[in-house]
Amino acid sequence: QVQVKESGGGSVQAGGSLRLSCTASGPTANPTCMGWFRQRPGTEREGVAFIHSSRPFTYYADSVKGRFTISHDTTKNTATALLVMNSLTPEDTAMYYCAANLICYSDHEEPRTDFVSWGQGTQVTVSS
């Protein structure tokens, strides 16, 4: 069982920056593909950014390319992802959910969530 804990987020004015951190832990936590989905009220869940802990792979939604950067750090039984969000706009306002144990197969497609472990979610609010 992979446990996922996330931190960061909060409120910022448009043009500002925020960071999200997420740690997956457990005997099968590493290697893993992990990252963030987000959901705005009344909308579908959207994949934001993902990274693999042991091979070159990143995915960014078109809406965040050039503004968000995902990176990772690993130990034997943990994998930590960091999402740096710059040039934030009110359209980035959402609940952000970290996910680990994803199936990442293409940098043009959102990962599959067949065996996903979810974090508790963190709110990001960007005011104009």
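Everything numeric here is computed off the predicted structure, so don't read it as measured data.
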Between atom OH of Y96 and atom CG of L83, what is the distance when rounded to the nearest 0.5 Å?
-> 8.0 Å
Taking the side chain as every heavy atom from C-beta outward, state whether V84 and F68 have any pair of such atoms under 4.5 Å apart.
-> no
Decide ring-ring contact (aromatic ring centres under 6.0 Å, His included) for F37 and F50; before the verdict, give the C-alpha distance in whole Å, the side-chain angles of both, and the deciding distance to 0.1 Å.
-> CA-CA 9 Å; F37 294 87; F50 304 96; 4.9 Å; yes
For I70 and G35, the nearest pair of non-hydrogen atoms, with its separation, is CD1-CA, 4.1 Å
In this structure, are over 12 heavy atoms from other groups packed under 6.0 Å from Q120 atom CD?
-> yes
Are the side chain of Q13 and the backbone N or O of S127 linked by a donor-acceptor pair below 3.5 Å?
-> no
Work out which heavy atom in G10 is nearest to a heavy atom in L18; give both atom names and the distance.
-> O-CD1, 3.8 Å
Ignoring hydrogens and geometry, is there a side-chain-to-backbone donor-acceptor pair from E6 to G121 under 3.5 Å?
-> yes
Under 3.5 Å, side chain of T32 to main-chain N/O of M34, donor-acceptor pair present?
-> no
Find out whether V124 and R38 are in side-chain contact, i.e. whether some heavy atom of one side chain is under 4.5 Å from a heavy atom of the other.
-> no
Are the side chain of T93 and the backbone of V126 linked by a donor-acceptor contact shorter than 3.5 Å?
-> yes
G47 backbone acceptor or donor facing E110 side chain under 3.5 Å | yes
Is there a donor-acceptor pair under 3.5 Å between the side chain of T113 and the backbone N or O of V116?
-> no
Does one side chain, of E46 or S63, offer a donor that lies under 3.5 Å from an acceptor on the other?
-> yes
Could you pull out the closest heavy-atom pair between V4 and C22, with the gap in Å?
-> CG1-SG, 3.4 Å
Taking all non-hydrogen atoms of both residues into account, name the closest pair between Y60 and A49 and its distance.
-> CD2-CB, 3.8 Å
Do the ring planes of W118 and Y97 sit parallel (below 30°), tilted (30 to 60°) or perpendicular (above 60°)?
-> perpendicular
Is I51 linked to V48 within one hydrophobic cluster, defined over Ile, Leu, Val, Met, Phe, Trp and Tyr using a side-chain heavy-atom separation of less than 4.5 Å?
-> yes
Looking only at heavy atoms, what is the nearest atom pair of Q39 and R45, with distance?
-> NE2-N, 3.9 Å
Does the side chain of S53 pick up a donor-acceptor pair with the side chain of N30 at under 3.5 Å?
-> yes
Answer whether the closest heavy-atom distance between the side chains of R67 and M85 falls below 4.5 Å.
-> no
Rounded to the nearest 0.5 Å, how far does OG of S25 lie from NZ of K76?
-> 14.5 Å
If we only count heavy atoms from C-beta on, is the L82 to S71 side-chain gap below 4.5 Å?
-> yes
Heavy atoms from other residues, nucleotides or ligands near NZ of K65 exceed 12 (cutoff 6.0 Å) | yes
How about L20 and T122: do any of their side-chain heavy atoms sit closer than 4.5 Å?
-> yes
All heavy atoms of P90 vs all of A14, minimum pair found to be CD-CB, 4.2 Å
Do T23 and T80 have side-chain atoms, one donor and one acceptor, less than 3.5 Å apart?
-> yes
With the side chain counted from C-beta on, respond yes when C33 and F57 share a heavy-atom pair under 4.5 Å apart, and no when they do not.
-> yes
Do other residues, nucleotides or ligands put more than 12 heavy atoms under 6.0 Å from the CZ atom of F115?
-> no
Any ion pair linking E91 and R40 (charged N to carboxylate O, less than 4.0 Å)?
-> no
Taking C-beta and beyond as the side chain, do H52 and P31 meet within less than 4.5 Å on heavy atoms?
-> yes
OG-CG distance between S11 and L88, expressed to the nearest 0.5 angstrom = 11.0 Å
